[in-house]
Amino acid sequence: MKAVQRVVVSPQEPIAQIKPYLHGHFAEHLGELIYSGIYVGSDSTVPNTDVIRDDVVAALQSLHIPVLRWPGGCFADDYHWRDGIGSREQRPLRINRHWGHTEEPNYFGTHEFLAFCRAIGAEPYFAGNVGSGTPAELSDWIEYCNFAGRSTLAEERRANGAHEPFGIRFWGIGNENWGCGGNMNPEQYAAEFCRFRNYASSYSGTEMQAIACGQNSADWGWTRRFFEYMQRNHLNRLGLVQGVAAHYYCGTAGTATQYSHAQWLELLAKAYAIEGAITGCRAIMDEYDPERRIKLIFDEWGTWHPVEAGKPPGGLYQQNTMRDACVAALTLDVFHNHADKLFMANIAQLINVLQALLLVSEDQCIKTPTYHVFDLYKPHQGAQAVRFITHADKVTDGGAAAPYCRTRYRNPKPFALRAVHGSASVRDSVLCVTVVNTHPAEAVELELVLRRAQCEEVEVVTLAAEDIHAHNTFAQPDFVHLSAPVTLQVRGDRVRIPLPAGSVARVQGSLV
Ligand code: AHR
């Protein structure tokens, strides 16, 4: 591989505004996410405000989380919202059927979730229950939350402490209804969607955004058959759909903390392949919705490693290394480069589950490398995405991955990607470029070329570690952290930036 790798950024070529929602998150009743991750009892010694952990709120406030999806996941299609309102002592004890048959005390319900959203400044996104619920149940939840006038449900909300309606806009009509949400085929789900959507009203100035269950990974048949049914079944029902939410997990290669260089590349290549899922999904949707009125969402994405030894198998607890950081950065860069096609994306999940931003244990809360990527990438939120072109060499895993892995990701060749990927945006004449050195062993000198634009100097912040397996632990919570900013001079139309192996960097400069 060449030591110098070139990328070109073209601030004069806008793509679209990067909706802040592309940096969205997801919190399911699963493992130790809600209970102990957010909610601690009122008698807890962990500092909290009305049962919600203060350290978690403080860590998340500064990230500017735009949207938070809840209560699942698979849990959503087994959740009955009335279980989670009213006096906590009176709430029923249920079984969390999908995630290890653990106890679900329902202490964290609608009001607690919304208090948490307010504390961290996130807009709520509710996932409704289609698999085991009824249209009436979902309709009641919406009325309870959003109706400003007089009705028994609105009065009940007031009696539970919320005089004003919550104004929840985003409502998922089920989750993974091709699987844990009811094992339906696309036509069955489309019919259910129409039935549930019919009773899901807009109230009191809050315009309902009904989000349909979308495809998993490369299951194009789901998207096509859903849209086909919606458009052609007796009457065109596409008007009922405001969004479609697909899922894309890049999975694992090795374990969360143990992997070879080939497995590093395999996982990054699988993560990068989300680009094909975005363009493929949008291409099918465009056939039915050429004006792109229906929003494309990826409301679950990220890594999925084997559960950490000693943790309950149903809790999906995993460590988070520099490899997860590179997956997050690559994926966010793909989202920015397709800002014209995507409306929202939610990484799975917020705390203690899958590709978490925070790991929490008793009274300790640590930030993962993935957290630092979201922090580093914040300036992209709401900015104008502009063209980013990589001319970097291709790197491959040399065909080391097991054949079934390659088949699953529709990739018969060795996993490959460029040595440098990234994205760029402009806001108020400030250029922000983010880049990932995808190579696990080779540092590169990045040559960043500005096409028809000028900057005098740039400020660079890097997320890097000597060892590609580096991660934060409760004993060493800041082992992986962002570097201090470094200022570099731009010479002519280009600037050289050192990028350590397996690192992420943000480059910012004022355009003159
Ligand atoms: O994020 C964990 C699970 O992954 C979710 O509950 C489900 O929607 C998906 O299969």
Side-chain angles (χ1 to χ4, degrees), residues 16-27 64-71 76 79 81-82 84-86 109-130 133-175 193-213 230 236-245 289 291-297 299 342-346 381-382:
Q17 193 219 18
I18 298 173
K19 283 141 207 100
Y21 295 131
L22 297 188
H23 291 208
H25 294 268
F26 169 38
H64 303 164
I65 288 185
V67 62
L68 184 60
R69 176 173 181 251
W70 173 84
Y79 180 63
W81 69 273
R82 296 203 68 93
I85 59 167
T110 300
H111 291 256
E112 290 80 8
F113 172 66
L114 292 169
F116 179 61
C117 284
R118 270 194 302 277
I120 62 171
E123 182 169 353
Y125 166 11
F126 280 18
N129 179 346
V130 168
T134 64
E137 184 183 10
L138 180 59
S139 161
D140 283 355
W141 199 10
I142 298 167
E143 181 185 326
Y144 178 89
C145 288
N146 289 354
F147 189 53
R150 265 167 42 81
S151 78
T152 300
L153 284 163
E155 293 306 333
E156 192 176 2
R157 180 194 70 235
R158 292 189 184 101
N160 287 331
H163 187 79
E164 298 303 325
F166 296 126
I168 316 291
R169 294 195 302 152
F170 299 120
W171 292 86
I173 310 297
N175 167 78
F193 176 89
C194 290
R195 208 161 70 93
F196 276 69
R197 176 64 179 96
N198 192 53
Y199 304 97
S201 304
S202 293
Y203 287 115
S204 311
T206 298
E207 200 60 37
M208 151 72 56
Q209 301 291 297
I211 297 165
C213 162
M230 295 302 287
N236 185 335
R237 302 290 186 200
L238 281 175
L240 296 175
V241 190
Q242 280 70 53
V244 169
D289 174 38
E291 301 192 333
R292 297 192 171 169
R293 184 192 56 75
I294 300 174
K295 302 167 177 72
L296 175 59
I297 293 169
D299 65 10
L342 257 189
F343 177 79
M344 185 196 287
N346 310 71
Q381 284 190 23

Indicate the atoms forming the closest heavy-atom contact of [X] with [Y], along with that distance.
| X | Y | answer |
| --- | --- | --- |
| Ile168 | Cys145 | CG1-CB, 4.0 Å |
| Trp141 | Gly128 | CZ3-CA, 4.3 Å |
| Asn129 | Ala76 | CB-O, 3.2 Å |
| Asp299 | Ala245 | OD2-CB, 3.1 Å |
| Phe170 | Val67 | CD1-CG2, 4.3 Å |
| His111 | Ile85 | CD2-CG2, 4.1 Å |

#### Entry: Backbone N/O of Leu238 and side chain of Arg293: donor-acceptor pair under 3.5 Å
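Judged by distance alone, yes, a pair lies under 3.5 Å.
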Any heavy-atom pair between the side chains of [Y] and [X] that's under 4.5 Å?
| X | Y | value |
| --- | --- | --- |
| Asn175 | Arg69 | yes |
| Ile297 | Tyr21 | no |
| Ile173 | Leu138 | yes |
| Tyr125 | Met344 | yes |
| His64 | Pro20 | no |
| Ile211 | Phe343 | no |

Q) In Å, rounded to the nearest 0.5 Å, how long is the span from CG of Asp140 to OG1 of Thr152? A)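 Between Asp140 CG and Thr152 OG1, I get 10.0 Å after rounding to 0.5 Å.
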* Approximate separation, where rounding is to 0.5 Å, of Gln381 CD and Gln17 CD ->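 One finds 10.5 Å between CD of Gln381 and CD of Gln17.
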- Task: With sequence neighbours left out, write down each residue that passes salt bridge (Lys or Arg N to Asp or Glu O under 4.0 Å) with Asp289, or none if nothing qualifies.
- Result: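 Testing Asp289 for salt bridge (Lys or Arg N to Asp or Glu O under 4.0 Å), a comparison that skips the adjacent residues, returns Arg282.
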Exercise for review: Kindly assign one of parallel, tilted or perpendicular to the pair Tyr79 and Trp70, based on the angle between their ring planes and the thresholds 30° and 60°.
Suggested key: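 Perpendicular: the ring planes of Tyr79 and Trp70 meet at over 60°.
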So Tyr144 and Phe166, would you call those rings parallel, tilted or perpendicular, with 30° and 60° as cut-offs?
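Tilted: the ring planes of Tyr144 and Phe166 meet at 30° to 60°.
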Problem - Residues Arg82, Glu137; criterion side-chain contact (heavy atoms from CB on, under 4.5 Å); working and verdict - result: CA-CA 9 Å; Arg82 296 203 68 93; Glu137 184 183 10; 5.9 Å; no
_Verdict with reasoning, Trp171 to Asn146, per side-chain contact (heavy atoms from CB on, under 4.5 Å)_ = CA-CA 12 Å; Trp171 292 86; Asn146 289 354; 3.9 Å; yes
| query | Ring centres of Phe126 and Trp81 under 6.0 Å apart? | reply |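 When the ring centroids of Phe126 and Trp81 are compared, they turn out to be at least 6.0 Å apart.
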Write out all pairs satisfying side chain to side chain donor-acceptor pair (under 3.5 Å) with one or both partners inside residues 193-212, taking only residues at least two apart or from two chains.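 Found Glu192-Arg195, Arg197-Gln242, Gln209-Lys295.
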